[in-house]
Number of protein chains: 2
Amino acid sequence: MDAKTLAKFEARAEILKAMAHATRLYILDVLLKEDEVCVGDFTAQIGADASTVSKHLSVLKSAGLISDVKRGNQVFYRLSTPCVLRFFDCAEAVIKKRTAEQIKVAQSINE
Amino acid sequence: MDAKTLAKFEARAEILKAMAHATRLYILDVLLKEDEVCVGDFTAQIGADASTVSKHLSVLKSAGLISDVKRGNQVFYRLSTPCVLRFFDCAEAVIKKRTAEQIKVAQSINE
DNA sequence: TGCTCATTTGGCCATTTAGCCAAATACGCA
DNA sequence: TGCGTATTTGGCTAAATGGCCAAATGAGCA
């Protein structure tokens with residue numbers, strides 16, 4: 001794999017890595033519906049340390065998936081690229097398919 | 001976040017984690033075009049140890065993204081869920097946007 | 001059976017990641 | 001200025017990941 005190709009896939013991988021965590025997917029999901037949410041609200045919903053949530057937000061931000069605005073002493077986050085949504089449909093399809101396979105395997109064991 | 005919601009996002013995260021690596025994205029990209037490829041071909045193209053490539057393939061397989069067929073003493077892999085493709089368009093959009101931001105920042109420094 | 005090629009598995013090490021706590025920073029308000 | 005609230009940063013530890021090498025497994029063939 002040449003350097004240019006590698007760079008292309010590494011750029012894609014960076015975005016995926018940023019998304020690849022339950023908490024961060026939850027954050028994205030909330031932002032698909034709510035347009036603008038502050039750190040405190042996320043923290044309350046997620047039930048983790050504020051610093052942990054803040055770090056998750058910063059991961060998403062440096063990947064370019066969300067952006068932030070300061071207002072008063074709060075920071076509000078919003079999606080910067082709503083097309084993220086499209087991925088979820090695909091993910092569900094994969095999950096469904098995989099679950100079906102597992103059921104098949106489980107049944108074959110019982111035969 | 002309740003247990004059921006958490007489980008949902010963890011299932012999605014698993015798939016993303018499986019995709020979140022340059023080599024594995026390359027493998028998926030090849031399989032979008034080639035339908036069936038054996039381990040040896042991947043190894044040659046990627047230029048890593050065969051064992052490394054094999055492990056990447058197994059990560060993709062356990063995530064349900066690819067499936068394998070043995071034929072002779074070779075193992076062929078194929079995509080099991082071509083909708084993976086849809087993600088790439090989105091990734092490119094994010095990358096473009098982020099690059100544009102970085103250029104803006106760089107320019108503002110020079111002002 | 002014994003040899004060879006293709007692939008996978010196990011072991012090891014270096015690096016990265018997630019989480020918490022504590023401390024720092026930023027803002028608004030008296 | 002000084003206090004309280006919101007958020008981020010630094011430091012630490014435990015766990016996961018990616019890579020290589022060496023060894024094991026499996027298929028085909030003499």
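Everything numeric in this text was worked out from a predicted model, so none of it was measured. First the proteins, then the strands, lettered A, B, ... as listed; each starts at 1.
In this structure, B/Leu6 places its CG atom 14 Å from C1' of C/dG19, rounding to the nearest Å. Across the protein-nucleic acid pair, B/Ile66 atom CD1 and C/dT7 atom C1' stand 13 Å apart, rounded to whole Å. C/dT16 atom P lies 19 Å from atom CG of A/Leu16, rounded to whole Å. Per the geometry, NZ belonging to A/Lys17 stands 10 Å off C1' belonging to D/dT17, to the nearest Å. Atom-to-atom, CD1 of A/Ile27 to P of C/dA18 comes out at 11 Å; the value is rounded to the nearest Å. For the pair B/Lys70 NZ and C/dA6 P, the interatomic distance rounds to 15 Å; values are reported in whole Å. For B/Asn73 and D/dG26, the CG to P distance is 13 Å, given to the nearest whole Å. C/dC29 atom P lies 12 Å from atom CD of A/Gln74, rounded to whole Å.
Nearest heavy-atom pair, A/Ile66 versus A/Ser80, reported as atom, atom and distance to 0.1 Å: N-OG, 3.4 Å. Closest approach of A/Leu25 and B/Ala13 over heavy atoms only: CD1-N, 3.4 Å. The two atoms that bring A/Ala22 and B/Phe9 nearest to each other are O-CB, 3.7 Å, heavy atoms only. What you find for B/Tyr77 and B/Leu31 is that their closest heavy atoms are O-CD2, 3.4 Å.
Relative ring orientation between B/His21 and B/His56 is described as tilted, the plane-to-plane angle lying within the 30° to 60° band.
Remark: B/Ala48, B/Asp49, B/Ser51, B/Thr52 in residues 44-54 of chain B come within less than 4.0 Å of DNA chain D through at least one heavy atom.
Residue-level contact check: B/Tyr77 touches the backbone only, with heavy atoms under 4.0 Å from sugar-phosphate atoms and none from bases.
When the side-chain nitrogen and oxygen atoms of B/His56 are compared with OP1 and OP2 of D/dG19, one or more of them lie within a distance under 4.0 Å. Applying the 4.0 Å criterion to OP1 and OP2 of C/dG19, one finds that A/His21 has a side-chain N or O inside that range. Checking the phosphate oxygens (OP1, OP2) of C/dA6, no side-chain nitrogen or oxygen of B/Arg71 falls inside 4.0 Å.
Ranked by how close their nearest DNA chain C nucleotide is to the 5' end, B/Thr43 and A/Thr23 are led by B/Thr43. Across the interface with DNA chain D, nearest-nucleotide mapping of A/Phe76 and A/Lys55 shows A/Phe76 to be the residue nearer the 5′ end.
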Between B/Val53 and B/Thr23, does the side-chain contact (heavy atoms from CB on, under 4.5 Å) criterion hold? Intermediate values first, please. CA-CA 8 Å; B/Val53 173; B/Thr23 299; 5.5 Å; no

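Exactly one of B/Val37, B/Leu79, B/Asp35 qualifies for a side chain to side chain contact (heavy atoms under 4.5 Å, CB included) with B/Val30. That residue is B/Val37.
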